[in-house]
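Following: one structure in structure tokens, then a few remarks.
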2 protein chains.
Amino acid sequence: MRTHERVLARIETGLSAGKWSIGERLPAERALAEELGVSRPSVREAIRILEAMGIVRTAVGSGPSAGATLIDRPAAGLGAAVRLHVASGTLPVSDVVRTRVLLEAGAVRDAAARVTDDAALARVRAHVEAMAAPDLDVTAFVEHDQDFHIELVRLGGNQLVEAILSGMRAAVASYVVTGADAVEAWPRTAARLCAEHRAIVDAVARHDGAEAERLMREHIEGFYREAGLGEH
Amino acid sequence: MRTHERVLARIETGLSAGKWSIGERLPAERALAEELGVSRPSVREAIRILEAMGIVRTAVGSGPSAGATLIDRPAAGLGAAVRLHVASGTLPVSDVVRTRVLLEAGAVRDAAARVTDDAALARVRAHVEAMAAPDLDVTAFVEHDQDFHIELVRLGGNQLVEAILSGMRAAVASYVVTGADAVEAWPRTAARLCAEHRAIVDAVARHDGAEAERLMREHIEGFYREAGLGEH
DNA sequence: GTACTTCTGTGGTCTGTCCACAGTGGGCTA
DNA sequence: TAGCCCACTGTGGACAGACCACAGAAGTAC
């Protein structure tokens, strides 16, 4: 086993044992190196991995905010992994779409069952209205679209689902932009997408999980079909 | 932007541009460092992250197999991320279970629609029978159980779903073992789980996607409830 | 009491060195 | 000539030591 893997294993053991909690700091790199009898670069490599996985955040300087602080960002690591694999071209778009359908349909159903926070719903609606602004270019439209979907999924309350979908965000935005360019009458389609978003939010607001799920499924698959993205 | 992040960005750009393909090697660490005008430790940190994400595999020595080779293991990175977050206690088991339900239910539905390969089905059945062996200890039972689930999901044909669930494998195995210990009459429960597995495979074999989906959902949620894992 | 300066601890980075490893090819031996 | 052995070479793995930038904390001057 390589040195940085030993360091990683030690830290992971500490995490499992509850040695540190969110917001606390790991020992300094130099201290950790001495404690484990390894060099600082080896410790750094382990910390880099933890950072890439969204387990810690590092900061220079002194004081409470400096050093490697435990954070809670599952999306970071999952997102990076999905992004890199899509970049390397091994994941087909149809798989990304199907995965979205499964996870978002479930998330929206959960959201309908548990949402009670009107402020959160208002935030989601704000993203829909931002999309509906006239003369919005496609890139900005898609950004708002993604914000809407992620925010809605967050209402479902499942951190893992949220993390996976956040990770897929860049990959999704990429195919949606491609698809939007391929659509004949984009303004009409954009308006329809906004209307579908509103319908989904409304279903969630009245706690109609089954309908919200059905609408979300149709929303994602409908655009995929219309844009002809599956015909490659 | 930190040095290793610049290196990572450059490599990612190369990946997106198709500069290297699966099985090929990245330039040597020293060459990469000189090319980008950075030090070798910075390059190493970037490669460590790629390795942790399942993008490359590194090997010492010389010859074609040495160096950082591009691989295609989405499961590795996703798995590590899920494992570490479960270890740090930020991902509740209930989220893992719910995510399984959504993805596996969908995957098994897809599998029912497309499976034509009897050999693949036979492989899945073999895992069920391995689980049914008498006097199997819990750890071995769970390993076969995981093999079964992953192999079945693979029949669905979605690489991303398979990667995510493969990544969750260790986390799932961990909670199942915990749950098995908590079950009163384990042998009876184990037999029931095997029977449920058989029923799912049968539904897939006769292309009854809706039933396979329902059974899978009930299978995963049923054990979770019976083992009392949601009562923390 | 306030504002400035210095100190201290932190990660960020680089240089240089040595080691272990594995394939390659030349040279030696039978 | 055929086969084997061994040095060579390129690779990642690891370490020591140094210096820098940064940000808060402590001390000092006014």
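Chain naming here is simple, since letters A, B, ... match the order of the sequence lines and numbering starts at 1 in each.
With rounding to whole Å, A:R6 atom CZ is found 14 Å from D:dG13 atom P. Taking atom CD of B:E51 as the reference point, atom C1' of D:dG12 lies 10 Å away to the nearest angstrom. In this entry the distance linking CD of A:E45 with C1' of C:dT13 reads 14 Å, nearest Å. One atom, CD of B:E29, and another, C1' of D:dC15, lie 15 Å apart when rounded to the nearest Å. Atom pair B:E34:CD and D:dG10:C1' shows a separation of 15 Å (rounding to whole Å applied). Atom pair A:R57:CZ and D:dA23:C1' shows a separation of 13 Å (rounding to whole Å applied). Look at CG on B:L32: it is 14 Å from C1' on D:dT11, rounded to the nearest Å. In this entry the distance linking CZ of A:R25 with P of D:dA23 reads 15 Å, nearest Å.
The two residues B:A52 and B:A80 have their closest heavy-atom pair at O-CB, 4.3 Å. Heavy atoms only, all atoms of each residue included: A:R114 and A:L155 are closest at NH1-O, 2.8 Å.
Between B:L136 and B:H144 the shortest side-chain heavy-atom distance falls below 4.5 Å. Considering only heavy atoms from C-beta on, A:H85 stays 4.5 Å or farther from B:Q159 through its side chain. The side-chain heavy atoms of A:E24 and A:T69, taken from C-beta on, include no pair separated by under 4.5 Å. Between B:L160 and A:R98 there is no side-chain heavy-atom pair separated by less than 4.5 Å. Proximity of A:V96 to A:V172: side-chain heavy atoms (C-beta onward) are separated by under 4.5 Å at one or more points.
At D:dG13, one or more side-chain N or O atoms of B:R48 fall inside 4.0 Å of OP1 or OP2 (strictly under the cut-off). At C:dC14, one or more side-chain N or O atoms of B:S42 fall inside 4.0 Å of OP1 or OP2 (strictly under the cut-off). At the phosphate of D:dG13, OP1 or OP2 sits under 4.0 Å from a side-chain N or O atom of B:R44.
B:R125 contributes no side-chain N or O that, together with a main-chain N or O of B:V201, makes up a donor-acceptor pair within less than 3.5 Å.
Nearest nucleotide to the B:S39 side chain, out of C:dG23, C:dG11, C:dC14: C:dC14. Each of D:dG13, D:dT11, D:dC15 was ranked by its minimum atom distance to the side chain of A:V38; first place goes to D:dC15. Distances were taken from every side-chain heavy atom of B:R30 (C-beta onward) to each of C:dT15, C:dC18, D:dC15; the shortest belongs to C:dC18. Comparing D:dG13, C:dT13, D:dG12 by their closest approach to the side chain of B:T3 singles out C:dT13. Distance from the side chain of B:S65 is smallest to C:dG23 among C:dG23, D:dA23, D:dA18. Closest contact between the side chain of B:T58 and the listed nucleotides D:dG13, D:dA25, D:dA14 involves D:dG13. Comparing C:dT15, D:dA14, D:dG10 against the side chain of B:P41 picks out C:dT15 as the nearest.
Between its opening and closing five pairs, the helix from C:dG1-D:dC30 to C:dA30-D:dT1 changes axis direction by 30°, a value rounded to 10 degrees.
If you check every strand for non-hydrogen atoms under 4.0 Å, B:G61 touches a base. Within the nucleic acid shown, A:A66 has no heavy atom closer than 4.0 Å to any nucleic acid atom.
For a distance-only test at 3.5 Å, the side chain of A:R40 fails to qualify as a donor-acceptor partner of the base of D:dG17.
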